[in-house]
J.: 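Sharing a structure below in structure tokens format, with a few things to ask.
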There are 2 protein chains.
Amino acid sequence: METETEIFKKYLNKKNLKFTHERQSILKEIFLTHNHFDIESLYERLKTKGKNISRATIYRTIPLLIESNLINKAIRYKDRIYYEHIYGHKSHSHFICINCGKIIEFENDEKDKIIKRIKRKYNFKIVESKLIIRGYCKNCLKKEKK
Amino acid sequence: METETEIFKKYLNKKNLKFTHERQSILKEIFLTHNHFDIESLYERLKTKGKNISRATIYRTIPLLIESNLINKAIRYKDRIYYEHIYGHKSHSHFICINCGKIIEFENDEKDKIIKRIKRKYNFKIVESKLIIRGYCKNCLKKEKK
DNA sequence: ATTGCAATTGATATTCATTCTCATTATAGC
DNA sequence: GCTATAATGAGAATGAATATCAATTGCAAT
Ligand SMILES: [Mn+2]
Ligand SMILES: [Mn+2]
Ligand SMILES: [Zn+2]
Ligand SMILES: [Zn+2]
């Protein structure tokens, strides 16, 4: 199985783009843990580690990682986009708690069936599909009752 | 079957809010046709008809209509939110063409099944759920080939 | 009809994520 | 190392959405 770095390098090469230190640091930081992340927190995490990479560079790198099929937009919450790894992870959907922001992933093989049917029926070229559930998590419901 | 106006009035009443001319005009314009719409185009449509209602008022009225279960957020495209009627319309999902913005609605009873299962399994209180497909429509694919 | 008062409005300022600009610097192939 | 081209950082710009606030309106009680 190829490493994330190999995949990213291959992609950049194909597009005549460069594997800069900044892109390397961003890639490394993102794949350090398997968490949903947003740009601002990624920026802060890098800063903490002494990597003063500008927000602009991060914003410019994200689409490249998406194009490389390494990450994806997972969900939008409070005007921020949360991304996630997809390389090496089974496809899944998300529930997000409107109150506390907690994200729960769940399997849904049925979704792929729906997508396939729609694709056949309408002759679309599908780029992405998402099933998102918004609501209140167990914890937040408990608190509310008090 | 109650009219949209009756429903909206009832909701406003319950919340001690007022059925103003502005809110009436916005409601009327929205339910004039069954189309997905965004705030800016709604603002323009009202203007054309001599209703100079400020954007602020429209932005403030939309959440009230959502709370009344008359409309809903349908899809996000190019940084704009597109809304749609839900009152009197069967639940459905959306495909949107990334190239031309065309929206196609499709039935998906399976979605409700998924949602119910997830709800049971995790004890969520579900507020909304969406299945969205992004890609290229037939027309845009045809053009691309040339 | 008048009053009183909370709700509403419009104009404008503000916020905030994201994108753009551009002068300076780094990368990679020769 | 040299060169062409891509990339970067700093800060400005954008644009949808929200907040502010003085002036206005709706409506229920008199
Ligand atoms: Mn996930
Ligand atoms: Mn629709
Ligand atoms: Zn929660
Ligand atoms: Zn199209």
Side-chain angles (χ1 to χ4, degrees), chain A residues 5-6 8-29 36-47 49-68 71 73-83 98 101, chain B residues 5 8-29 36-47 49-68 71-83 98 101:
Chain A
T5 306
E6 282 164 358
F8 195 33
K9 272 186 175 166
K10 202 177 281 180
Y11 169 81
L12 293 172
N13 227 27
K14 198 175 60 192
K15 298 268 179 179
N16 280 317
L17 304 177
K18 292 163 184 171
F19 189 62
T20 63
H21 292 141
E22 289 81 2
R23 286 174 181 165
Q24 188 169 18
S25 298
I26 293 168
L27 177 69
K28 193 179 162 194
E29 185 58 40
H36 303 87
F37 64 95
D38 68 297
I39 303 288
E40 188 59 25
S41 64
L42 178 57
Y43 171 76
E44 294 297 343
R45 271 161 63 192
L46 284 161
K47 201 177 209 173
K49 297 182 180 171
K51 308 274 182 194
N52 281 305
I53 297 169
S54 77
R55 264 173 269 252
T57 296
I58 300 179
Y59 273 107
R60 285 184 285 229
T61 302
I62 293 290
L64 303 177
L65 292 169
I66 293 177
E67 267 288 300
S68 309
I71 66 168
K73 293 181 188 179
I75 203 160
R76 177 183 284 271
Y77 178 63
K78 293 199 174 173
D79 280 325
R80 286 191 186 180
I81 298 170
Y82 287 80
Y83 300 88
I98 317 171
Chain B
T5 306
F8 196 32
K9 272 186 176 168
K10 202 177 281 180
Y11 169 81
L12 293 172
N13 227 28
K14 198 176 59 193
K15 296 268 180 178
N16 280 317
L17 304 178
K18 291 163 185 172
F19 188 60
T20 63
H21 294 140
E22 289 81 2
R23 287 176 181 162
Q24 187 169 19
S25 299
I26 293 169
L27 178 69
K28 193 179 163 191
E29 186 57 41
H36 303 88
F37 65 94
D38 68 297
I39 303 287
E40 188 59 24
S41 64
L42 179 56
Y43 172 75
E44 293 297 343
R45 272 162 60 191
L46 285 161
K47 202 177 206 172
K49 298 184 178 170
K51 308 274 183 193
N52 280 306
I53 297 169
S54 78
R55 264 173 269 254
T57 297
I58 300 178
Y59 274 108
R60 286 184 285 228
T61 302
I62 293 291
L64 303 178
L65 293 168
I66 293 177
E67 268 287 301
S68 309
I71 66 169
N72 217 348
K73 292 180 189 180
I75 202 160
R76 178 183 282 271
Y77 177 63
K78 293 198 175 171
D79 279 328
R80 286 192 186 180
I81 296 171
Y82 287 80
Y83 300 88
I98 318 172

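Chain naming here is simple, since letters A, B, ... match the order of the sequence lines and numbering starts at 1 in each. As a basis for the values below, the full set of heavy atoms in this structure was taken, side chains included, without hydrogen atoms, waters or symmetry mates.
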J.: For B:Leu17 and D:dG26, what is the distance between atoms CG and C1' respectively, to the nearest whole Å?
T.: 12 Å
J.: With DNA chain D as reference, determine whether B:Tyr59 or B:Asn13 sits nearer its 5' end, using the nearest nucleotide of each.
T.: B:Tyr59
J.: By salt bridge (charged side-chain N to carboxylate O under 4.0 Å, His left out), which residues pair with B:Arg60, not counting sequence neighbours?
T.: none
J.: Measure the distance from CD on B:Gln24 to C1' on C:dT8 and round it to the nearest whole Å.
T.: 15 Å
J.: Whole angstrom is fine here: how far is it from CG in A:Asn52 over to C1' in D:dG9?
T.: 11 Å
J.: Given atom CZ of A:Arg55 and atom C1' of C:dC16, what is their separation to the nearest angstrom?
T.: 11 Å
J.: Could you tell me how far apart B:Arg80 (CZ) and C:dT18 (P) are, to the nearest whole angstrom?
T.: 18 Å
J.: Which atom pair, heavy atoms only, marks the closest approach of A:Leu17 to A:Arg23?
T.: CB-NH1, 3.9 Å
J.: Could you check whether any side-chain N or O of A:Ser41 sits under 3.5 Å from a backbone N or O of A:Phe37, counting only pairs where one atom can act as donor and the other as acceptor?
T.: no
J.: Is the phosphate of D:dG9, meaning OP1 or OP2, less than 4.0 Å from a side-chain N or O of A:Thr57?
T.: yes
J.: Please state whether the base of D:dT25 and the side chain of B:Lys18 form at least one donor-acceptor pair under 3.5 Å?
T.: no
J.: Taking the basic N atoms (NZ, or NE/NH1/NH2) and the acidic carboxylate oxygens, is any pair closer than 4.0 Å for B:Lys51 and B:Glu22?
T.: no
J.: Would you mind reading off the distance between A:Glu22 atom CD and C:dT27 atom P, rounded to a whole angstrom?
T.: 7 Å
J.: Could you tell me whether the side chain of A:Arg60 has a donor or acceptor atom within less than 3.5 Å of a complementary atom in the base of D:dG9?
T.: yes
J.: For the pair made of CD1 in B:Ile81 and C1' in D:dG15, what is the distance, rounded to whole Å?
T.: 13 Å
J.: Could you state the NZ-P distance from B:Lys15 to C:dT8, rounded to the nearest angstrom?
T.: 12 Å
J.: Between A:Thr20 and D:dA6, is there a contact of a side-chain N or O with OP1 or OP2 at under 4.0 Å?
T.: no
J.: Could you tell me how the ring of B:Tyr82 sits relative to the ring of B:Tyr77: parallel (under 30°), tilted (30 to 60°) or perpendicular (over 60°)?
T.: tilted
J.: Looking at B:His21, I'd like to know whether one of its side-chain N or O atoms comes within less than 4.0 Å of OP1 or OP2 on D:dG26.
T.: yes
